Amino acid sequence: MSAIKITLPDGSVRDYVAGTNSMDIAMSISEGLARNVLAAKVNGDVWDLTRPIQKDSTIQLLTWQDKEAQSTFWHSSAHLMAEALEAIYPGIKFGIGPPIENGFYYDVDPGDQTIALGDLPKIEQKMLELARNKSEYIRTEVSKADAISFFQKKNDEYKLDLLEGLEDGQITFYQQGDFIDLCRGPHIPNTEKIKAVKLTNVAGAYWRGDESKKMLTRIYGITFPKQKELDDYLALVEEAKKRDHRKLGQELELFMFSDRVGAGLPMWLPKGTALRTRLEDFLKKEQIKRGYMPVITPHIGKKDLYVTSGHYAKYGADSFQPILTPRENEVFYLKPMNCPHHCEIYGHKPRSYKDLPIRIAEFGTVYRYEQSGELHGLTRVRCFTQDDAHLFCTKEQIKDEFLSTLDLTRYVLEKLGFDNYTAQISLRDPNDLEKYIGSEENWQAAEAAIIDAAAEAGLKTVTAYGEAAFYGPKLDFMVKDALGRSWQLGTIQVDYNLPERFELEYIGADNQPHRPVMIHRAPFGSMERFIGVLIEHCAGKFPLWLAPEQYAILPISEKYHDYARELERKLAEHDIRGYIDERAEKIGKKIRDTELNKVPFMIIVGEKEVEDNTLSVRRQGQGDLGTVSLQDFVQIIQKEIN
RNA sequence: GCCAGUGUAGCUCAGUUGGCCAGAGCAGCUGAUUUGUAAUCAGCUGGUCGGGGGUUCGAAUCCCUCCACUGGCUCCA
């Protein structure tokens with residue numbers, strides 16, 4: 001038997017006999033590692049631990065700490081669930097059962113039977129029972145003909161449908177216990193690794209996502225190698241529920257929806273408006289510093305505007321229906337974006353190269369028809385306000401404009417406590433270049449400008465091919481919140497299309513007309529979505545500078561109301577805002593209510609404070625901070641804000 | 001839009017073999033209490049049981065339909 005060389009991640013090279021597998025390698029390193037290893041990356045591909053390695057290879061042993069191992073684990077768990085389902089529901093047919101970000105699902109067709117939420121516990125029990133059998137996941141290569149005949153016998157039309165798209169010679173089955181599935185793999189070594197199981201949901205899902213096809217039952221679940229890890233996960237889910245912006249939005253009276261106004265149309269209550277206005281003012285100020293010119297445009301525009309922009313052809317049928325004038329029968333649309341209006345503003349007078357870049361900014365409210373089933377709190381609505389701006393510049397200026405926009409966006413995110421983000425650079429699909437408009441030269445220049453700018457800014461980036469808009473490449477900020485969930489917020493997009501369609505020009509140094517490039521950018525994305533994410537990120541405990549109310553004065557009794565009013569007046573002079581709780585309640589009650597309303601500072605005043613001309617300060621979530629003078633309190637506040 | 005589920009007071013929720021004027025806690029109002037770091041006491045007000053239609057002697061409860069919400073699917077300038 002010939003020898004092969006295995007290179008490990010630390011660079012060390014070991015000799016093994018050909019046909020060894022990753023499990024043997026793990027065992028030869030340490031028993032502990034062998035116990036914890038779930039899969040292995042062999043020359044860049046994730047493999048079963050039991051799969052023989054025949055040639056010199058670089059391998060990395062994957063444990064629960066590795067994302068790829070988790071995916072493998074969950075994929076194997078989907079098979080385990082399928083095994084359990086087949087035991088409980090004879091004749092059940094299977095679609096696909098992949099791992100997802102948190103767990104896995106399997107799409108199944110239970111025939112005449114139904115699977116409801118209440119059935120999940122018994123499936124979980126069956127899974128745990130089967131897991132204890134320690135069944136190995138066994139990989140076998142099968143011919144297409146054999147695979148087809150196997151699933152024909154099983155009468156599983158979904159697997160047969162999948163097989164149609166597969167090539168003979170590349171088809172593998174995996175078996176654990178009595179369950180055999182068409183599967184590319186890889187899988188964990190055996191079912192015993194799966195110690196904790198939670199099936200979370202059932203939902204309908206069309207076969208292959210096609211609504212003309214049959215609706216299958218999708219069962220979601222998640223599994224872990226240890227019960228403790230499942231408990232931690234469930235605790236995290238509970239925490240996420242507590243932070244849900246829809247719940248907090250109602251409790252803190254930030255925004256509301258009304259059936260009469262309509263679905264997906266949020267209304268900002270006074271406290272939410274205070275918060276939002278502060279955010280807008282913050283960004284407006286930064287933009288003015290950076291040479292932006294604020295404008296205001298109408299909420300509707302004539303059909304012709306959108307015919308010119310090209311949006312009518314692409315989205316007209318799926319928009320809110322047009323608005324007609326009663327006599328002239330002119331046709332207007334609610335604006336679904338601000339760029340066409342801004343293009344008109346750019347074009348209203350001749351522009352010189354000396355004027356560029358021109359940065360037109362507007363907190364523009366837009367209206368988009370979203371399907372009713374899509375609406376969700378503030379993160380998916382039919383009316384929202386973009387912190388929009390369009391930068392008109394020369395090709396040469398793209399990179400600098402990009403850099404300064406990156407800088408602004410990062411400043412904004414970090415100021416709001418979002419420290420964990422990556423930038424997704426979305427480029428063309430190299431296999432389908434026809435679907436993009438604009439010249440090859442322009443695309444290459446723009447893509448290079450984005451890549452360079454991101455690198456120069458030192459951003460953590462991922463590149464997504466095929467994710468570019470049809471009119472230009474873009475960069476999206478993917479932000480992780482306090483619970484580790486990813487959100488797409490700010491975006492920067494290069495656009496060659498609209499300047500062309502609106503025939504925008506500037507006069508160059510050569511006294512000839514040239515076409516400017518347009519950059520769309522929105523650091524927040526939309527105010528609604530951003531604030532929704534912000535609420536969940538900080539669990540409703542906003543940074544002091546944003547808090548709708550920064551303090552509440554809680555007088556011990558009515559006797560101290562005058563003193564409280566004097567404090568309120570003096571704090572207002574320092575631009576510190578709050579209110580007095582003048583109810584005839586005991587101090588404990590007032591504190592409790594204020595704590596629940598997440599007001600950052602409580603100021604308690606009674607006889608002592610009036611006599612000494614001081615105030616007792618209590619911090620939300622932290623308790624009593626002691627007694628200070630008014631000046632000291634103002635300083636505490638101002639220090640925290642700056 | 002599609003599938004499944006949910007909709008009872010401002011909020012959180014009880015209330016099914018269909019049957020007296022539909023309940024609780026919190027909030028609100030009134031009164032008493034004038035209070036020292038997470039709920040003072042008492043009384044009172046408040047509901048087209050999501051809207052409309054139907055079945056029935058009788059509907060929060062059963063059926064149809066529309067609306068909204070929740071979880072998915074599809075879509076997202």
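A quick note: this is a predicted structure, and the numbers were derived from the prediction, not measured. Every chain is numbered from 1, with letters handed out A, B, ... down the list of sequences.
If you measure from atom CD of A:Gln622 to atom C1' of B:U37, you get 14 Å, rounded to the nearest angstrom. In this structure, A:Ile604 places its CD1 atom 13 Å from C1' of B:U35, rounding to the nearest Å. Atom CZ in A:Arg583 sits roughly 18 Å away from atom P in B:U35 (whole-Å rounding). Across the protein-nucleic acid pair, A:Asp593 atom CG and B:G28 atom P stand 8 Å apart, rounded to whole Å. A:Leu120 has its CG atom 14 Å from the P atom of B:G72, to the nearest Å. In this structure, A:Asp612 places its CG atom 14 Å from C1' of B:G36, rounding to the nearest Å. Taking atom OH of residue A:Tyr105 and atom C1' of nucleotide B:G72, one finds them 11 Å apart after rounding to whole Å.
Residue-to-nucleotide proximity on RNA chain B shows that, of A:Ser616 and A:Glu558, the 5′-proximal contact is made by A:Glu558. Summary of the strand contacts: A:Tyr367 and A:Leu596 both lie near RNA chain B, and taking for each the nucleotide with the nearest heavy atom, the more 5' one is attributed to A:Leu596.
Comparing B:A60 with B:U48, their C1' atoms sit 12 Å apart, to the nearest whole Å. As rounded to the nearest Å, B:C64 and B:A4 have P atoms that lie 12 Å from one another. Atom name P, nucleotides B:A9 and B:G47: the rounded distance is 11 Å, in whole Å. On the C1' atoms, B:U70 is 15 Å away from B:G50, given to the nearest whole Å. On the P atoms, B:C75 is 41 Å away from B:C49, given to the nearest whole Å. Atom name P, nucleotides B:C20 and B:A59: the rounded distance is 11 Å, in whole Å. Going from the P atom of B:A42 to that of B:U33 covers 16 Å, rounded to whole Å. As rounded to the nearest Å, B:G10 and B:G18 have C1' atoms that lie 30 Å from one another.
Not a single donor-acceptor contact under 3.5 angstrom links the side-chain atoms of A:Arg368 to the base of B:C76. For a distance-only test at 3.5 Å, the side chain of A:Glu370 fails to qualify as a donor-acceptor partner of the base of B:G1. Taking only distance into account, the side chain of A:Arg260 never meets the base of B:A68 through a donor-acceptor pair shorter than 3.5 Å.
You can call A:Tyr315 stacked on the base of B:A77; the centres are under 5.5 Å apart and the planes sit within 30°.
Nearest to the side-chain atoms of A:Tyr471 among the listed nucleotides B:U35, B:G72, B:A77 stands B:A77. In the set B:G36, B:A38, B:U35, B:G36 carries the atom at the smallest distance from any side-chain atom of A:Glu607. Each of B:G36, B:A39, B:G1 was ranked by its minimum atom distance to the side chain of A:Glu609; first place goes to B:G36. Minimum atom distance to the side chain of A:His376 is reached by B:G71, of the listed B:G36, B:A38, B:G71. The A:Ala263 side chain lies nearest to B:C69 when the options are B:C69, B:G72, B:G71.
Remark: side-chain polar atoms of A:Tyr496 are paired, donor with acceptor, to backbone N or O of A:Asn442 under 3.5 angstrom. Side chain of A:Asp161 to backbone of A:Glu157: no donor-acceptor contact under 3.5 angstrom is found.
Shown here, B:A24 forms a base pair with B:U12; the pair counts as Watson-Crick or G-U wobble because both key distances fall under 3.5 Å. In this entry B:G1 has B:C73 as its Watson-Crick or G-U wobble partner, both defining distances falling under 3.5 Å. When both distances must be under 3.5 Å, the Watson-Crick or G-U wobble mate of B:G43 is B:C29. Both distances falling under 3.5 Å, in either a Watson-Crick or a G-U wobble arrangement, place B:U6 opposite B:A68.
Taking the six-membered ring for Trp, A:Tyr551 and A:Phe601 have ring centres at least 6.0 Å apart. Ring centers of A:Tyr220 and A:Tyr105: under 6.0 Å apart, within the cut-off.
A donor-acceptor contact closer than 3.5 angstrom is absent between the side chains of A:Thr594 and A:Gln620.
Between A:Lys589 and B:A27, a side-chain N or O to OP1/OP2 separation shorter than 4.0 Å is present. For B:C76, the OP1/OP2 oxygens have no side-chain nitrogen or oxygen of A:Lys314 closer than 4.0 Å. Listed pair A:Tyr220 / B:A4 fails the phosphate criterion, with no side-chain N or O lying under 4.0 Å from OP1 or OP2. One finds no side-chain N or O of A:Arg218 lying less than 4.0 angstrom from the OP1 or OP2 phosphate oxygen of B:G71.
Ion pairing between A:Glu595 and A:Arg618 holds under the 4.0 Å rule for side-chain N and carboxylate O.
Partner of A:His520 under the side chain to side chain donor-acceptor pair (under 3.5 Å) criterion, out of A:Gln493, A:His390, A:Lys474: A:His390 alone.
Dense packing is recorded around CG of A:Leu433, with more than 12 heavy atoms of other residues, nucleotides or ligands lying under 6.0 Å away.
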